[in-house]
Structures are given as C-alpha cells and as structure tokens.
Amino acid sequence: MKISILSSRKRGLTPDLRLVQKYLNNNVEELEVSYFMADETSKNRMAKKGYKDGKKQYCKTIENAVCVDASIQGKKYNTGKKVLIGVPYDYQFKAINSVETQPGYKKTNSFKGFDYIIAGSPFTKEVYTKCYNIPNAKIIEDVVTPMAWNMRREEAQRKSREKYEEMFPKMKGKKVIAILTNGKVNEEKAFSYSTLDLKKLLDNLDESYFVITNNEEILDKAVTLGNEYTAKFAYINKALDPRRILYFAHYLFTNSGMYASYMSGRKRPVYCVRYAENHFEKYMKRKFSDLFIEDINGITNYIHGYQDENKKFTQHFSYEQSENPCEVIRKIYEE
C-alpha cells in the first residue's frame with residue numbers, strides 16, 4: 001500500500017501526521033510512505049510558483065493521501081482515497097466567522113478533493129458543512145484528531161510531564177498554568193502586554209501553582225523578578241514544542257484555536273486571551289464571551305476549576321468518546 005502525506009503552509013510533518021505515520025508503519029504490511037511539504041506562503045514569487053508546480057506534479061503520482069490542510073485543494077484526483085484530518089487551524093475560525101457574520105457568504109471549493117474528513121469535533125464538522133463544498137466527502141464523526149487522542153493517554157501525559165520536570169524541577173507536583181500564544185501583539189492597541197504586572201500575577205497564586213509560557217513579552221517582565229519566583233514561573237523558548245505542555249497542564253490561557261481544541265479533550269479549563277486579534281479570538285469573543293479575557297492581568301480570577309462554560313466549550317470542540325483515529329484511517333485505506 002502506498003500512502004502519501006502532504007502538508008503546506010510551513011507546517012511540515014505535524015504531530016498529527018507523525019502519529020499517523022508511526023501507527024501505519026507499525027500496523028500495515030508492505031507500506032510505502034511518501035511526503036510532500038511545501039511553503040506556499042513564501043514571499044519569493046518564483047519559489048512560491050515552484051512549490052505549487054512541484055506539488056501539482058507530485059499529486060499526479062499519488063494513490064492515497066492524508067493531509068491536515070488543503071494540500072490537495074481544488075481538484076478531485078482519480079486514484080486512491082484522500083483523507084483530511086480536521087485540525088482546527090485559524091482559517092477554520094476565519095471561515096465560520098465569515099459565514100455567520102457576512103450576508104451572502106459563498107462556500108468555497110478548498111476541500112472538494114477529499115473523500116473522507118476526520119471531523120475531530122462538532123465544531124469542525126460545522127465548519128466543513130457550512131463553509132465548504134465537499135460533495136464527495138464522508139464526514140467521520142465521534143473521532144478526534146490523532147494528537148487529541150494521544151493526549152488522553154496516561155502514559156503520554158506522564159512522559160511529557162517528566163520531560164518538563166527535568167528542565168524545571170520546581171514544577172514537580174504542582175498544578176501547571178500554561179499561557180501559550182501565537183502571532184504578535186499589536187503594539188498600537190491598548191491591550192499590549194507591556195501593561196502586564198507579572199509580579200502581582202504570580203503573587204496572587206499560592207505555592208501549588210506553576211506558570212509556563214512561550215510569550216516573550218511575559219518573559220521580559222520576569223527580568224526584574226527575584227530568584228524566589230523561579231518556584232512559580234518558567235519560559236520555554238522556540239526550540240521546545242508548546243503543544244507538549246497541553247498533555248499535562250491544568251489550565252490553558254491561549255489565543256490558539258488549535259491548542260484550545262486539543263486541550264478540550266482532556267476536560268481541563270481553557271480560556272482565550274486577547275493578543276493578536278486573530279480569528280479564534282474573534283470567534284471566542286462572539287460565541288464564548290465568558291471564556292474570553294481582555295486583560296491578561298486578570299487571569300488569576302479564572303483559576304476556579306472546571307465550570308459549566310468550560311464543559312460547554314469542551315463538548316463543542318471535542319468528541320467525548322473516540323476510537324483511535326489512526327486505526328480509523330488504516331481501515332479506510334484497507335477497505
């Protein structure tokens with residue numbers, strides 16, 4: 001069996017695709033895997049054209065394909081089965097915001113070439129149904145994305161936490177508050193993180209909590225803190241994948257719809273922080289305003305466990321029960 005793994009938009013081989021590849025390698029006999037990863041957002045016009053031409057030629061040779069984005073968009077290829085894993089990148093929130101706020105919104109053909117869509121959540125099913133023309137696709141419900149499924153495994157949670165406890169020994173045994181952001185804050189806006197009082201934020205937390213962030217602006221605020229605050233605070237640089245923190249964090253404050261969706265499957269409190277004014281932030285402000293935080297200085301007001309609104313969010317962004325999605329994909333190709 002030949003399966004091609006495609007990805008574009010600078011994503012490379014994502015965690016979801018790596019999990020699929022690993023599972024198929026271990027469970028499918030005579031498997032041949034091929035890849036194509038393109039940076040279609042390159043600012044170099046010639047390079048961008050080269051990526052697109054290369055992908056077009058590559059897609060003429062594929063028999064089966066699995067993607068996490070519109071890597072085979074716009075055309076129905078004649079051979080094999082094309083499977084889309086519905087990872088909720090920000091374009092999903094852009095699409096649903098548009099269809100719900102703009103009169104006369106027309107569905108696009110971005111995902112017309114797929115035969116199967118692993119929805120991952122009721123939200124993602126809603127996105128593909130409302131926003132895209134997918135006449136040939138079967139939407140598979142009650143199956144989460146591979147990483148969301150892996151995050152529910154106790155062994156994976158334990159190993160991820162142990163790895164971070166080796167780097168940050170003072171985190172051991174504590175409840176982790178993750179502040180994970182994507183993009184860049186608009187410095188001209190009043191909600192710039194330059195107003196953050198990190199010392200006060202940490203003082204409002206007792207010794208049972210530990211804060212981890214990937215936000216450089218928050219790190220800048222830590223420069224003036226005393227050594228005693230290392231018992232409560234740590235920064236991870238770009239060399240570390242913040243998604244591993246989602247395996248063991250107790251609270252998540254983020255402006256990433258993907259992070260929030262992954263975390264929801266663990267039934268932990270998730271909140272959206274205003275940061276880059278992306279489409280997920282706009283969606284949360286419209287649909288889950290109680291979980292949307294305008295001022296990051298106030299996040300300690302939300303450390304009060306798993307509430308009804310968190311449950312509502314979880315039910316919308318993750319299926320409660322799920323078969324291993326990698327096994328579902330294997331069965332699709334072997335039918």
Side-chain angles (χ1 to χ4, degrees), residues 14-16 19-20 66-70 82-102 105 107-108 110-112 114-153 243 246 252 254-272 278-292 306-329 331-332:
T14 68
D16 288 282
L19 287 166
V20 171
V66 57
C67 312
V68 294
D69 53 29
K82 313 300 181 295
V83 178
L84 173 67
I85 301 171
V87 177
Y89 293 110
D90 206 46
Y91 65 76
Q92 286 194 9
F93 296 95
K94 179 181 180 181
I96 200 69
N97 284 339
S98 297
V99 77
E100 291 181 350
T101 61
Q102 298 176 12
Y105 179 87
K107 293 183 177 181
T108 66
S110 300
F111 299 96
K112 190 176 181 179
F114 289 94
D115 302 297
Y116 299 88
I117 296 175
I118 307 293
S121 69
F123 164 77
T124 298
K125 178 194 174 184
E126 181 182 35
V127 169
Y128 288 117
T129 302
K130 286 185 175 181
C131 305
Y132 300 102
N133 291 315
I134 47 172
N136 302 299
K138 177 182 178 181
I139 296 181
I140 299 176
E141 301 179 63
D142 299 318
V143 176
V144 299
T145 61
M147 184 171 171
W149 186 86
N150 194 47
M151 284 176 59
R152 298 180 182 186
R153 296 172 54 241
R243 284 171 290 200
L246 305 178
L252 174 64
T254 187
N255 73 325
S256 166
M258 179 178 63
Y259 293 175
S261 298
Y262 284 147
M263 186 74 167
S264 67
R266 292 185 52 228
K267 297 183 179 179
R268 298 288 186 174
V270 175
Y271 296 92
C272 176
N278 63 21
H279 298 289
F280 173 65
E281 294 171 46
K282 294 174 183 177
Y283 176 85
M284 291 295 289
K285 190 173 184 179
R286 286 196 308 113
K287 307 288 281 191
F288 291 91
S289 58
D290 289 344
L291 303 181
F292 182 78
Y306 192 70
Q307 305 293 309
D308 288 343
E309 194 68 7
N310 298 124
K311 182 178 180 180
K312 181 181 175 182
F313 178 88
T314 291
Q315 292 173 337
H316 192 49
F317 280 90
S318 181
Y319 293 116
E320 186 170 352
Q321 302 294 329
S322 175
E323 183 180 354
N324 185 341
C326 298
E327 174 64 10
V328 173
I329 292 171
K331 290 177 180 177
I332 289 173

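Small disclaimer: the values here were computed from a predicted structure and weren't measured.
Nearest approach of Lys107 to Thr129, heavy atoms of both residues: NZ-O, 3.0 Å. The nearest pair of heavy atoms linking Tyr262 to Arg243 is CE1-CD, 4.3 Å. Shown here for Ala260 and Phe280, the closest heavy-atom pair between the two residues is CB-CZ, 3.7 Å. Taking both residues in full, the closest heavy atoms of Glu126 and Glu100 are given as OE2-OE2, 4.1 Å, listed atom of the first, atom of the second, then distance. Closest approach of Pro122 to His316, counting heavy atoms only: CD-O, 3.4 Å. Residues Gly86 and Gln92 approach most closely at O-NE2, 3.8 Å, considering heavy atoms.
Residues Lys331 and Glu327 meet the side-chain proximity criterion, which asks for heavy atoms closer than 4.5 Å. The closest side-chain heavy-atom distance from Pro325 to Thr145 is not below 4.5 Å. Under the 4.5 Å side-chain criterion, counting only non-hydrogen atoms from C-beta, Tyr306 is in contact with Thr314. For the pair Ile332 and Ile140, the minimum side-chain heavy-atom distance is below 4.5 Å.
Annotation: cation-pi geometry not satisfied between Lys282 and Phe93 (NZ/CZ under 6.0 angstrom from ring centroid, within 45° of ring axis).
Distance OG1/Thr124 to CD1/Ile118: 11.5 Å, rounded to 0.5 Å. Between Tyr128 atom OH and Ile139 atom CD1 the span is 9.0 Å, to the nearest 0.5 Å. Taking CD from Glu141 and NZ from Lys125, the interatomic distance works out to 3.5 Å, rounded to the nearest 0.5 Å. If you take CG on Asp16 and CD1 on Ile85, they are separated by 5.5 Å, rounding to the nearest 0.5 Å. Here Leu246 contributes atom CG and Arg268 contributes atom CZ; the two are 12.5 Å apart, rounded to the nearest 0.5 Å. How far OG of Ser256 is from OH of Tyr89: 10.0 Å, rounded to the nearest 0.5 Å.
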Practice task
Applying side-chain contact (heavy atoms from CB on, under 4.5 Å), run through Phe317 and Val270 and close with a yes or a no.
Solution key: CA-CA 11 Å; Phe317 280 90; Val270 175; over 6 Å; no
Problem - Step-by-step side-chain contact (heavy atoms from CB on, under 4.5 Å) determination, Tyr132 to Phe114 - result: CA-CA 11 Å; Tyr132 300 102; Phe114 289 94; over 6 Å; no
Problem - Verdict with reasoning, Arg286 to Thr101, per side-chain contact (heavy atoms from CB on, under 4.5 Å) - result: CA-CA 10 Å; Arg286 286 196 308 113; Thr101 61; 4.0 Å; yes
Problem - side-chain contact (heavy atoms from CB on, under 4.5 Å) evaluation trace for Arg152 with Ser318 - result: CA-CA 12 Å; Arg152 298 180 182 186; Ser318 181; 2.7 Å; yes
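Taking the salt bridge (charged side-chain N to carboxylate O under 4.0 Å, His left out) definition, one finds that Lys94 meets it with nothing, sequence neighbours left out.
Asp290 places no side-chain N or O within 3.5 Å of a backbone atom of Glu309 that could act as its donor or acceptor partner. Remark: the backbone N or O of Lys82 is paired with a side-chain donor or acceptor of Asp115 at under 3.5 angstrom. A donor-acceptor contact shorter than 3.5 Å links the side chain of Ser322 to the backbone of Val144. Here the side chain of Asp142 pairs no donor or acceptor atom with the backbone of Gln321 at under 3.5 angstrom. Here the side chain of Lys267 pairs no donor or acceptor atom with the backbone of Asn310 at under 3.5 angstrom. A donor-acceptor distance shorter than 3.5 angstrom exists from the side chain of Asn278 to the backbone of Asn255, with no hydrogens or angles considered.
Exactly one of Phe292, Phe313, Phe123 qualifies for a ring pair (Phe, Tyr, Trp, His ring centres under 6.0 Å) with Tyr283. That residue is Phe123.
For the residue pair Tyr91 / Ser110, no side-chain donor-acceptor distance below 3.5 Å is found, with atom types taken as modelled.
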